[in-house]
Structure formats: C-alpha cells, structure tokens
Amino acid sequence: MTRIRIANILKDGKPGEEVLISGWVRTRRDSKNAFSFIELNDGSCMSNIQVVIDNDAEGYSEHIKDVTTGASVTIKGELKESPGKGQRVEVQGNSIQLLGTADAKTYALQKKRHSFEFLREIAHLRPRTNTFGAIARVRNTICFAIHQFFQEQGFISVQTPIITTSDCEGAGEMFQVTTLNLNRLAERKTEVDYEQDFFGKRASLTVSGQLEAEIFATSVGKCYTFGPTFRAEKSNTTRHLSEFWMVEPEMPFYELEDNMELAESFIKSVIGKVLEDCKEDMEFFNLRIDKTLLETLQNIMENEFKRVSYTEAIQLLKDCDQKFEYPIEWGTDLQSEHERYLTETHFKQPVILYDYPRTIKPFYMRCNDDGKTVRAMDVLVPRIGEIIGGSQREERLDVLLDRMKECDLDPEEYWWYVDLRRYGSVPHSGFGLGLERLVQLVTGMTNIRDCIPFTRTPKNADF
RNA sequence: UCCUCGAUAGCUCAAUUGGUAGAGCGAGCGGCUGUUAACCGCUAGGUUAUAGGUUCGAGUCCUAUUCGAGGAGCCA
C-alpha cells in the first residue's frame, strides 16, 4: 500500500478508499474512553487531515499517550465523509504507528501562536508551522514560475560563478574568500601576499552575475541567471539579507523600453502563477498576515505599471503637498519615503522609474544623449520599494571607457567585459530581481528574514 | 554603521513615586465532550539578558556589553 500525500486526499480522496498517511501531529483531542481525533500535517498543504481513531485500533492503547503535538506517525485507515464541520473527508484509522515522539515539556512548537522573532531562533522547526510551511510552498511555486516564464520564451539558463576575482561594480561590500591562515597572518603584521592565496589573487563571493551574463547574452542570446548572491553590507532592515537569491535576465538587442516591458510581464506572470497554484496558502496569508494582500496583488495584475522618468518623479515630489524628512533635489537618489509616496500614496501601484542621473548609477549603464542621465530603470512596488533594478547596457566602446575613467575604474581589470564592446557589440539590456523581495511582496510577510529558509544577516548565520 | 525602543515563567506580555514577581497561552493531572482556536477545575514552572555601580532595599535608577525590533543609509 503506497503512502498518499495529504494534499491529494483533501483534494480528491473519495469515501471508502483505503489510505496510508504519514506526518506530524498538530494536535490531538481525546474523547473519553472511546476514540481520539488527530490533526495530521505532512507539509504537502496548509490543511491538516483529521484522523478519527478508536481505542481498539492497532497500536492505539500503547502509543496514544505519546501522540502529542510534534510527534510523527503513520496511520492506515479508510476515508469517510466527515459528519463534523470543517472538513469534507476524514480518515477512520485502523492502525497507528508511532515513528518519533516529541516531548511536550521541551518541544518548542506547542499548539499556540509564536512570534516570528522566536521562530527565527528555531529555524530548524519553523517550517512545521502554518506560516512557514506556506512560505516554503509559495517560494517553490515562485521559483518554478520564474524558470517557466523564461524557458517558455527561449531564454537560456546560465550558471554564473559564485566565487569571483573581479572586484567589481562597487555593488557593495563583498565577502572575501581565502584559504590563507588568518591567525598566522594576524601575528605577522605584514602586507598580505595574495599570490599565496588559493586563486593567486584576491577573491570574493559574487554580488551579481550580470557581467558574466552579458557574455552569454552576446553569444547564445537571451539568458538568465538564478542563484545566490552575497552582500557584506551591515544592513539591518526588513528588506536586506547578506545572502539572497537573485534572478538576472540579460537580453541582446533589447533597449530600455523592451527591458521595462519584460520586467513588468515577468512580475505579473509569476504573481499570476502563484494566485493560480497556491490558492489555499494565499488565502491564509490574506487572512492572517495582510488583509489587503489579494486585493493588492490583483491590482498589480490588472494595471499597467506607471512609467515615470526620474526627472518627472523629482518634479512630482517637489510639487506634492507631502512633507518629507529629506528634501528632494535633482541629482540625488530617492529616499525610502519618496519611493513610498510614489507607490503607496500617489500612484498606488508599481512604478517604473527610468533615466536616472548618471552620477548615482554604475559605469555599465548606457548614457543618454542629454549628457546627464543613463538608461537605468528601477521597478518600485508598494511596501517593499525597489524589487527590480536594471538598465540598458553601454555598448559603445569609447563611451564605456570614458565612463570607467569617470568612475575611477581600471579597464584592464575588466578587459573581457570591454572586449564584448570591441568585437560584435550589440545593444542589450537586463535587470536583477531579488527573489526574497518578491516572496515578501507575494506573501505579505513584513520581514525579509522570514522569506528565506536559512537567514543570513550580520551576526546571524546559524543553522 | 547611525537613531529610537526593548530583553521578566516554555511562549506573549503585566508589575504604580525604587518596597514580598503576576496573567493569558502552552505543559502535567483530573473532569466533560463527534471534537476541530474545544470546554471546566487543579498543579508545577523565575539567579527579571550579561557584568559592574548607586541605595537600608533595584525588574524598576546609572554605566558597559550582548542580542532583538522599528526607522535611516546601502541596495535586490
């Protein structure tokens, strides 16, 4: 007899069927001297299945005392129409096998509400809760939808390196990778000779796969990377992680407008897939986490993202009645409060800002003819802020070299990147999307630390 | 890294001007019940984050440290 996932039983199990199920006990309610109710969950879906088991069932008398919250059991029985409220079918158990006990005195996850802060400290158990089980399932659907979106359009999945020696982009602090003996170096107090290090030069964990993705975009065509990314910034916010996952499509022959179009349809496609495939989990989030979640996502799905140039946005912020803590000036980056005003108060939907001052953007973004701005675009969403950052890339060799000089970068260090402009250069564009920020947007979770299975932030790398 | 707030029972929190440490949930035991956020009764559970200081007396005041939350910066 084969084991059946609880999700399958609840979906289309029919009364009369023999079933074998295994999972973790959420709660048990005893009916004195006659039978017990067991709420069993196997993580396949949000709902538990209710098992009714009589005291003469095999294994009952010896094990039922230990069938406590958190214990793991296997149950054989027959599906029945449930006379009670709350479930279509239930299992009438014939036998119960206790796989593992969970001492109620010490098991942290008792049947009560726990704060997310507490659950973060027991990350090895938190996927057993309703919320974190739902996050895991939704995150999975998001990841699948991401691949599906690109694969269906002929994008090639490219694995870019995690260890890199290009100290590049200035995209933030990097984690150094070394096999040098740090204790010994600390004693010597001399200059570090990186030629002695594993790679013969200073190496770090990647902050972006973009530059490498451009190599494949200009050879095999539209491509995307989807992998872990590392930032050693000491950020302590609800939307930053030290280790996170990023999706970075890169497309040849795409100009900024094509890039924006792709970004918009990408986000809508992924959200649509989740709304379709994770109905139960999404209803849970809407009920328990954010009462406006489904409405917000529906709104995102149904409306065009507003496209506003940086210059227009500055003007709009200057003209509005809202008082800001930080003044707005053309040439400075927007503050969180400004982004929030645009997405939450003014437009009340996602906004794509484009054509930023070149002084606040990296060297690889394509310069506009006005001499002041570059073809950058940020997709801002309510509550979270920037979820996508991208640009059309500078494909003109001379302009790129000038820009590198302006940014105080040595073209020698980026020789292969520059080469792409020297031989068969083409216009191309791409963007980066933070997976966890998308999970945050889709689930309504307020803290990004709860949107990744194993959270890495400054001072936190347990589990 | 900066600003603000916080750390008290397994969890979530309360404790007046500095004066004997409390509740709900959870847990254990008992009762009741086709129950389902079950219900009713009883019981246990604490070096008040850590280190120092002020005081007759500190959960409460002061200093430092650690950790957490919210906001800012950086960004995805």
Side-chain angles (χ1 to χ4, degrees), chain A residues 26-40 47-54 65 68-70 80-87 90 92 102-122 129-130 169-173 207-210 228-248 263 288 324-326 332-340 360-362 378-381 384-390 431-441 446-449 451-452 457-460 462:
Chain A
R26 284 296 176 77
T27 176
R28 187 189 92 218
R29 297 177 291 274
D30 293 332
S31 187
K32 183 75 174 175
N33 292 333
F35 56 90
S36 297
F37 295 99
I38 298 169
E39 294 278 343
L40 200 65
S47 298
N48 308 319
I49 192 154
Q50 174 163 286
V51 176
V52 184
I53 188 156
D54 292 336
K65 280 268 170 219
T68 55
T69 300
K80 288 201 158 167
E81 223 168 288
S82 180
K85 282 179 185 163
Q87 59 279 318
E90 62 188 23
Q92 179 68 48
D103 185 353
K105 282 210 176 76
T106 55
Y107 185 58
L109 280 185
Q110 289 304 329
K111 195 189 58 171
K112 71 182 291 290
R113 280 198 63 117
H114 297 285
S115 66
F116 295 139
E117 290 83 9
F118 171 67
L119 292 172
R120 242 170 260 154
E121 293 167 10
I122 50 168
T129 63
N130 286 335
E169 278 191 64
E173 292 292 309
V207 292
S208 164
Q210 178 204 317
T229 309
F230 308 87
R231 303 273 167 94
E233 239 108 41
K234 288 188 176 149
S235 307
N236 218 335
T237 76
T238 52
R239 51 189 191 284
H240 288 87
L241 293 165
S242 307
E243 176 181 302
F244 63 99
W245 285 62
M246 188 151 67
V247 183
E248 294 177 285
R288 294 293 171 89
F324 296 112
E325 196 182 332
Y326 294 88
T332 60
D333 220 341
L334 267 66
Q335 307 287 326
S336 295
E337 56 176 345
H338 304 139
E339 295 181 354
R340 293 188 76 125
I360 57 170
K361 290 291 180 184
D378 284 355
V379 180
L380 310 179
V381 294
I384 290 156
E386 184 177 347
I387 197 166
I388 279 179
F431 61 81
L433 168 127
L435 176 67
E436 287 73 19
R437 287 191 183 170
L438 184 56
V439 174
Q440 235 182 320
L441 176 70
T446 54
N447 197 320
I448 200 167
R449 295 168 187 204
C451 295
I452 188 167
T457 51
K459 303 281 183 204
N460 186 355
D462 289 338

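Letters A, B, ... mirror the listed sequences (proteins, then strands); counts begin at 1. Values below: every heavy atom of this structure, side chains too, minus hydrogens, waters and symmetry copies. On a predicted model such as this, the values are computed, not experimentally measured, just so you know.
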Base, sugar-phosphate, or nothing: which does [X] touch, judged by heavy atoms less than 4.0 Å apart?
X: A/Gln87; value: base
X: A/Glu90; value: base
X: A/His240; value: base
X: A/Ser336; value: sugar-phosphate
X: A/Leu241; value: base
X: A/Gly84; value: base
X: A/Asp30; value: base
X: A/Arg449; value: sugar-phosphate
X: A/Phe118; value: sugar-phosphate
X: A/Tyr326; value: sugar-phosphate

Gap between atoms [atom1] and [atom2], on [X] and [N] respectively (whole Å):
X: A/Ile360; N: B/rC74; atom1: CD1; atom2: C1'; result: 13 Å
X: A/Asn236; N: B/rC67; atom1: CG; atom2: C1'; result: 11 Å
X: A/Glu117; N: B/rC11; atom1: CD; atom2: P; result: 13 Å
X: A/Arg28; N: B/rU35; atom1: CZ; atom2: P; result: 17 Å
X: A/Ile448; N: B/rG70; atom1: CD1; atom2: P; result: 12 Å
X: A/Glu121; N: B/rA69; atom1: CD; atom2: P; result: 9 Å
X: A/Lys85; N: B/rU35; atom1: NZ; atom2: C1'; result: 13 Å
X: A/Asp54; N: B/rG34; atom1: CG; atom2: P; result: 13 Å

Rounded [atom1] spacing from [N] to [M] in Å:
N: B/rA21; M: B/rG6; atom1: P; result: 23 Å
N: B/rU12; M: B/rA7; atom1: P; result: 12 Å
N: B/rA69; M: B/rA51; atom1: C1'; result: 24 Å
N: B/rC3; M: B/rU50; atom1: C1'; result: 24 Å
N: B/rA58; M: B/rG19; atom1: P; result: 11 Å
N: B/rU8; M: B/rG22; atom1: C1'; result: 10 Å
N: B/rA37; M: B/rC11; atom1: C1'; result: 16 Å
N: B/rC74; M: B/rU55; atom1: P; result: 48 Å

CD1-CG distance between A/Ile38 and A/Asn48, expressed to the nearest 0.5 angstrom: 12.0 Å
Between the CD atom in A/Gln440 and the SG atom in A/Cys451, the distance rounded to the nearest 0.5 Å is 5.0 Å
If you define the side chain from C-beta out and look only at heavy atoms, does anything of A/Ser336 sit under 4.5 Å from A/Arg239? yes
Would you please test A/Asn447 and A/Thr238 for side-chain hydrogen bond (donor to acceptor under 3.5 Å, both in side chains) and show each step? CA-CA 5 Å; A/Asn447 197 320; A/Thr238 52; 5.8 Å; no
Selected nucleotide, minimal atom distance to [X] side chain, candidates [options]:
X: A/Arg437; options: B/rC74, B/rC75, B/rU35; answer: B/rC75
X: A/Ser115; options: B/rC67, B/rC11, B/rU36; answer: B/rC11
X: A/Pro83; options: B/rC11, B/rA76, B/rG34; answer: B/rG34

Nearest nucleotide by nearest heavy atom, which residue falls closer to the 5' end of RNA chain B, A/Pro458 or A/Glu325? A/Pro458
Whichever of A/Val52 and A/Ala108 has the more 5' nearest nucleotide on RNA chain B, that residue is A/Ala108
Watson-Crick or G-U wobble partner of [N], both distances under 3.5 Å:
N: B/rA51; result: B/rU63
N: B/rG19; result: B/rC56
N: B/rU43; result: B/rA27
N: B/rG70; result: B/rC3

Whether A/Asp378 and A/Lys361 form a salt bridge (side-chain N of Lys/Arg under 4.0 Å from carboxylate O of Asp/Glu) is what I want to check. yes
Is it true that A/Lys111 and A/Glu39 have a side-chain N and a carboxylate O under 4.0 angstrom from each other? no
Return yes if the base of B/rC75 and the side-chain atoms of A/Ser235 contain a donor-acceptor N/O pair under 3.5 Å, otherwise no. no
Measure distances between side-chain N and O atoms of A/Glu233 and base N and O atoms of B/rU1, and say whether any donor-acceptor pair falls under 3.5 Å. no
Return the set of residues passing salt bridge (charged side-chain N to carboxylate O under 4.0 Å, His left out) with A/Glu386 (not counting sequence neighbours), or none when no residue passes. none
Examine the side chains of [X] and [Y] and answer whether a donor and an acceptor come within less than 3.5 Å of each other.
X: A/Ser208; Y: A/Glu248; result: yes
X: A/Arg29; Y: A/Gln50; result: yes
X: A/Arg288; Y: A/Asn130; result: no

Taking only side-chain nitrogens and oxygens of A/Thr237, does any of them come within less than 4.0 Å of OP1 or OP2 of B/rG70? no
Under the criterion of centre distance below 5.5 Å and interplanar angle below 30°, is A/Phe35 classified as stacked on the base of B/rG34? no
Set of ring-ring contact (aromatic ring centres under 6.0 Å, His included) partners for A/Phe116, sequence neighbours left out: A/Phe132
Reading 5' to 3' through nucleotides 24-30 of chain B, protein heavy-atom contacts under 4.0 Å coded B for base, S for sugar-phosphate only, - for none: -BSSS--
